[in-house]
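The next block holds one structure in the form of structure tokens; read it before the comments.
All heavy atoms count here, side chains included; hydrogens, waters and symmetry mates do not. Sequential numbering from 1 along the given sequence is applied to the chain's residues.
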Amino acid sequence: MKKTFNFDNIKLFAMDVDGTLTNGCIFMGNDGEMFKSFSVKDGLGIKLLNDYGITPAIITGRTSKIVENRCREIGLNELHQGVKNKAAKLHELMEKYHVTADQTAYIGDDMNDLSAVRTAGISFAPSDCAESLKPFIDIILTKPGGEAAVREAIDLILKERYDFNDFLDL
């Protein structure tokens, strides 16, 4: 029997970065991390979450000035870097925003996301996520990390909420 999801309840959408918002490649030079590649489609999707009353959040194990800059650019205020226990951080965010697990979605790509995946009511993963994570994921997306997988998840959540007239002036 196929599981059904109530996307209308989602009020918090948390994301991993490397392998989810990016393709997982980290370009390093002598002075450290040099650049990451982000999809503009994911960026617009994250902005749309705000427009539709859903709080976007990033919970990542790494720390990156590049990610800080991207979050500032797209208006994402809930950035949590250097997080070892993603479930604990997700619980903190759920408390802060007074949401339940059923109102929370998470997208990640590897086993360091498992605790958050199991905490959220709905979990997503890019098509190229780690095989070992797949049994724990509710929805495996068609797009790989860094190639608008996050936007695909956002569109699933928002598709019943979109008022296409809102997009006529963009």
> Passes side chain to side chain contact (heavy atoms under 4.5 Å, CB included), Val150 versus Phe124? Steps please.
Replying inline: CA-CA 9 Å; Val150 168; Phe124 299 92; over 6 Å; no
> In Å and rounded to the nearest 0.5 Å, what is the CD1 to CD1 distance from Ile58 to Ile46?
Replying inline: 6.0 Å
> Between the main-chain N or O of Glu92 and the side-chain N or O of Glu95, is there a donor-acceptor pair closer than 3.5 Å?
Replying inline: no
> Which heavy atom of Phe136 sits nearest a heavy atom of Met111, and at what distance?
Replying inline: CE1-CE, 4.4 Å
> Among side-chain atoms of Glu78 and Tyr97, is any donor-acceptor pair under 3.5 angstrom?
Replying inline: yes
>> I need the Lys47 NZ to Ile154 CD1 distance, nearest 0.5 Å.
In response: 12.5 Å
> Distance from Leu48 atom CG to Arg161 atom CZ, nearest 0.5 Å?
Replying inline: 11.5 Å
> Side chain of Asp42, backbone of Gly146: donor and acceptor closer than 3.5 Å?
Replying inline: no
> Taking the side chain as C-beta and beyond, is there a heavy-atom pair between Leu76 and Met15 under 4.5 Å?
Replying inline: yes
> What do you reckon, is CG of Asn77 surrounded by more than 12 foreign heavy atoms closer than 6.0 Å?
Replying inline: no
>> Quick check: do Asp109 and Asp128 have side-chain heavy atoms less than 4.5 Å from each other?
In response: no
>> Looking at Glu147 and Asn23, would you say the former's side chain and the latter's main chain have a donor-acceptor pair under 3.5 Å?
In response: no
> Stepwise, does the side chain to side chain contact (heavy atoms under 4.5 Å, CB included) test hold for Arg70 with Ile66?
Replying inline: CA-CA 6 Å; Arg70 180 66 175 150; Ile66 294 167; 5.7 Å; no
> How close do Ala120 and Thr104 get, heavy atom to heavy atom, and via which atoms?
Replying inline: CB-O, 3.7 Å
> Can you name the salt bridge (Lys or Arg N to Asp or Glu O under 4.0 Å) partners of Asp155, sequence neighbours left out?
Replying inline: Arg151
> If every non-hydrogen atom of Gly61 is compared with every non-hydrogen atom of Lys84, which pair is closest and at what distance?
Replying inline: O-NZ, 4.4 Å
>> What I'd like to find out is whether the side chain of Asp102 reaches to under 4.5 Å of the side chain of Asn6, using heavy atoms alone.
In response: no
>> When you compare the side chain of Phe5 with that of Ile157, does any pair of heavy atoms fall below 4.5 Å?
In response: no
>> Minimum heavy-atom separation for Val17 and Phe38, please, with both atom names.
In response: CG1-CE2, 4.4 Å
> With no hydrogens and no angle check, is any side-chain donor or acceptor of Glu160 less than 3.5 Å from a backbone partner on Asp8?
Replying inline: no
>> I need the minimum non-hydrogen distance between Leu12 and Met94, along with the two atoms involved.
In response: CD2-CG, 3.9 Å
> Can you tell if the side chain of Leu79 reaches within under 4.5 Å of the side chain of Arg72, non-hydrogen atoms only?
Replying inline: no
>> Can you confirm whether Leu93 sits close enough to Ile59 that some side-chain heavy atom of one is under 4.5 Å from a side-chain heavy atom of the other?
In response: yes
>> Could you go through Ile107 and Leu141, starting from their C-alpha distance and side-chain angles, then the distance that decides it, and tell me whether this counts as side chain to side chain contact (heavy atoms under 4.5 Å, CB included)?
In response: CA-CA 10 Å; Ile107 181 170; Leu141 302 160; 3.6 Å; yes
>> Let me check something: do Val99 and Phe13 share a hydrophobic cluster, defined by ILVMFWY side-chain heavy atoms less than 4.5 Å apart, either directly or through other members?
In response: no
>> By the side-chain hydrogen bond (donor to acceptor under 3.5 Å, both in side chains) test, which pairs, at least two apart or in different chains, include something from residues 117-126?
In response: Ser123-Asp138
>> Tell me which one of Arg62, Lys86, Lys89 satisfies salt bridge (Lys or Arg N to Asp or Glu O under 4.0 Å) with Asp16.
In response: Lys86
> Which atoms form the tightest heavy-atom contact between Pro126 and Gly108, and what is the distance?
Replying inline: CD-O, 3.4 Å
> Say you draw a straight line from CG of Asp113 to CD1 of Ile137; how long is it, rounded to the nearest 0.5 Å?
Replying inline: 8.0 Å
> Is it true that Ile122 and Ile140 fall in one hydrophobic cluster, defined by side-chain heavy atoms closer than 4.5 Å?
Replying inline: no
> Are Phe7 and Tyr106 joined in one hydrophobic group, where the rule is that I, L, V, M, F, W and Y side chains link up if heavy atoms are under 4.5 Å apart?
Replying inline: no
> Does some side-chain heavy atom of Lys11 sit less than 4.5 Å from a side-chain heavy atom of His98?
Replying inline: no
> Do Val67 and Leu21 come within less than 4.5 Å of each other through their side chains, counting heavy atoms only?
Replying inline: no
>> I'd like to check the salt bridge (Lys or Arg N to Asp or Glu O under 4.0 Å) partners of Lys134; sequence neighbours left out, ordered by chain and number.
In response: Glu131
